[in-house]
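Notes to accompany the following structure.
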Amino acid sequence: MGVVYVKICGLSEPEHVATAVEAGADAIGFVMTRSPRRITPERAAELAAAVPGHVLTVGVFRGEDPDTVRAAALASGVRAIQLHGRHPHGDFTALKDLGLRLIRAVDAEADLRCGAYDEDLLLVDAPHAGSGQAWDWAAVRGRPSGQWLLAGGLTPANVTEAIAAAGPWGVDVSSGVETSPGAKDSALIRDFLRAVRDAG
């Protein structure tokens, strides 16, 4: 198995951004929608400014209209947009001209073909997205096509098992590297990345 792509999501503090970069994260997510991890586009811009070019910065949205997403993405300077939930195809098409990478985040009941909505990456999350609950990762094995990330209930302790069960191209973690909702932990971020690299 090749090297697994890792996205650390829901970051809001400079120290955790720095830890994720130093520990080898491929992408860092900033949540700009309803969530305990929500930050403003201005705050995201401050954090994104410290991220080197080889690490993808992602603005995460859920349910906002394309104009709102566009304004926040431009204000924050992120290099990718993640639309979470059942966004229509037209929302992705409407953002294509920005030249940013697009990520479609859905549950396992959705269309799991990466690119079906003109997105660049697909993220497959738990039925209750954002809950941090582990789910039946093996149920999606072999179903998603293209470049896809597994999310939902991943932790440093179970990510190796999850990768073996689902066979994803990448993984995404948020609550699994927190001590409480929204409070990231640098040691857990490092442990998660180490576990993924060891699995690869």
Side-chain angles (χ1 to χ4, degrees), residues 3-62 64 68-84 95 98-103 105 120-121 123 125 129-132 147 149-157 159 162-163 168-200:
V3 176
V4 177
Y5 189 95
V6 179
K7 175 169 167 275
I8 309 288
C9 201
L11 298 176
S12 59
E13 298 296 333
E15 68 169 293
H16 301 137
V17 171
T19 297
V21 170
E22 288 162 15
D26 299 290
I28 291 173
F30 303 118
V31 177
M32 291 181 268
T33 190
R34 295 175 301 282
S35 165
R37 301 162 189 90
R38 184 175 196 161
I39 58 175
T40 64
E42 292 71 28
R43 176 66 168 167
E46 292 172 16
L47 296 170
V51 178
H54 68 275
V55 178
L56 189 67
T57 49
V58 183
V60 179
F61 303 91
R62 180 202 294 269
E64 287 83 5
T68 302
V69 172
R70 173 185 293 269
L74 291 173
S76 62
V78 292
R79 295 190 279 273
I81 292 171
Q82 176 176 316
L83 299 183
H84 220 111
L95 296 165
L98 288 172
L100 304 176
R101 297 187 80 182
L102 298 177
I103 303 171
D120 301 291
L121 296 174
L123 188 151
D125 204 346
S131 67
Q147 296 184 333
L149 282 71
L150 180 70
L154 302 180
T155 69
V159 68
I163 290 170
W169 175 80
V171 290
D172 174 280
V173 67
S174 184
S175 60
V177 291
E178 292 179 345
T179 51
S180 62
K184 292 291 186 284
D185 181 271
S186 288
L188 288 174
I189 292 172
R190 280 190 286 268
D191 289 348
F192 187 87
L193 278 149
R194 192 177 301 117
V196 174
R197 298 303 176 225
D198 289 348

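Nothing here was measured: the structure is a model prediction, and the numbers come from that model. Residues take their numbers from the sequence shown, with the count starting at 1.
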**Item:** Sole residue of Ile103, Val69, Leu149, Leu102 in side-chain contact (heavy atoms from CB on, under 4.5 Å) with Gln82
**Value:** Ile103
**Fill in**
NE2 of His84 to CG of Leu123, rounded to nearest 0.5 Å, is 6.0 Å
**Distance, nearest 0.5 Å, that separates OG of Ser174 from CG of Leu11** = 7.5 Å
**Request:** Mind checking side-chain hydrogen bond (donor to acceptor under 3.5 Å, both in side chains) for Arg194 and listing every partner two or more places apart, or none if nothing turns up?
**Result:** Asp191
**Carboxylate-amine/guanidinium contact Asp120 Arg101, below 4.0 Å** = no
**Partners meeting side chain to side chain contact (heavy atoms under 4.5 Å, CB included) with Ser180 (sequence neighbours left out)** = Ala183
**Request:** Answer with yes or no whether the side chains of Thr179 and Lys184 bring together a donor and an acceptor at under 3.5 Å.
**Result:** no
**Prompt:** Residues two or more places apart in sequence or in another chain: which of them pass side chain to side chain contact (heavy atoms under 4.5 Å, CB included) with Thr155?
**Reply:** Ala157, Asn158
**Item:** Close side-chain approach of Val4 and Ile163, heavy atoms under 4.5 Å
**Value:** yes
**Prompt:** For the residue pair Pro41 and Ala75, what are the closest heavy atoms and their distance?
**Reply:** CB-CB, 3.9 Å
**Message:** If I take atom CG from residue Leu95 and atom CG from residue Leu100, how far apart are they, to the nearest 0.5 angstrom?
**Reply:** 8.5 Å
**Spatial distance of atom CG (Leu150) from atom CG (Leu154) [nearest 0.5 Å]** = 5.0 Å
**Fill in**
ring pair (Phe, Tyr, Trp, His ring centres under 6.0 Å) pairs touching residues 5-26, sequence neighbours excluded, are Tyr5-Trp169
**Request:** State, with a plain yes or no, whether a side-chain heavy atom of Leu98 is found less than 4.5 Å away from one of Leu74.
**Result:** yes
**Shortest non-hydrogen contact between Ile81 and Ala73, atoms and distance** = CD1-CB, 3.8 Å
**Request:** Could you name each residue pair satisfying salt bridge (Lys or Arg N to Asp or Glu O under 4.0 Å) that touches residues 49-58, not counting sequence neighbours?
**Result:** none
**Prompt:** Tell me, do Thr68 and Phe61 make a side-chain contact under 4.5 Å, heavy atoms counted?
**Reply:** no
**Message:** Testing the basics here: between Pro168 and Ala162, what is the closest heavy-atom pair and its distance to 0.1 Å?
**Reply:** CD-O, 4.4 Å
**Prompt:** side-chain hydrogen bond (donor to acceptor under 3.5 Å, both in side chains) with Arg70: which residues, sequence neighbours excluded?
**Reply:** Asp97
Quiz: residues 45-60 side-chain donor-acceptor pairs under 3.5 angstrom, not counting sequence neighbours:
{"unit_1": "Glu46", "atom_1": "OE1", "unit_2": "Arg43", "atom_2": "NH1", "d": "3.3"}
{"unit_1": "Thr57", "atom_1": "OG1", "unit_2": "Arg79", "atom_2": "N", "d": "3.1"}

Let me check something: any side-chain donor-acceptor pairs from residues 19-35 under 3.5 Å, sequence neighbours excluded? List them with distances.
{"unit_1": "Thr19", "atom_1": "OG1", "unit_2": "Glu15", "atom_2": "O", "d": "2.9"}
{"unit_1": "Thr19", "atom_1": "OG1", "unit_2": "Ser186", "atom_2": "OG", "d": "3.1"}
{"unit_1": "Asp26", "atom_1": "OD2", "unit_2": "Val6", "atom_2": "N", "d": "2.8"}
{"unit_1": "Asp26", "atom_1": "OD2", "unit_2": "Arg197", "atom_2": "NH2", "d": "3.3"}
{"unit_1": "Thr33", "atom_1": "OG1", "unit_2": "Arg62", "atom_2": "N", "d": "3.4"}
{"unit_1": "Thr33", "atom_1": "OG1", "unit_2": "Arg62", "atom_2": "O", "d": "3.4"}
{"unit_1": "Thr33", "atom_1": "OG1", "unit_2": "Glu64", "atom_2": "OE1", "d": "3.3"}
{"unit_1": "Thr33", "atom_1": "OG1", "unit_2": "Glu64", "atom_2": "OE2", "d": "2.6"}
{"unit_1": "Ser35", "atom_1": "OG", "unit_2": "Arg37", "atom_2": "N", "d": "2.9"}

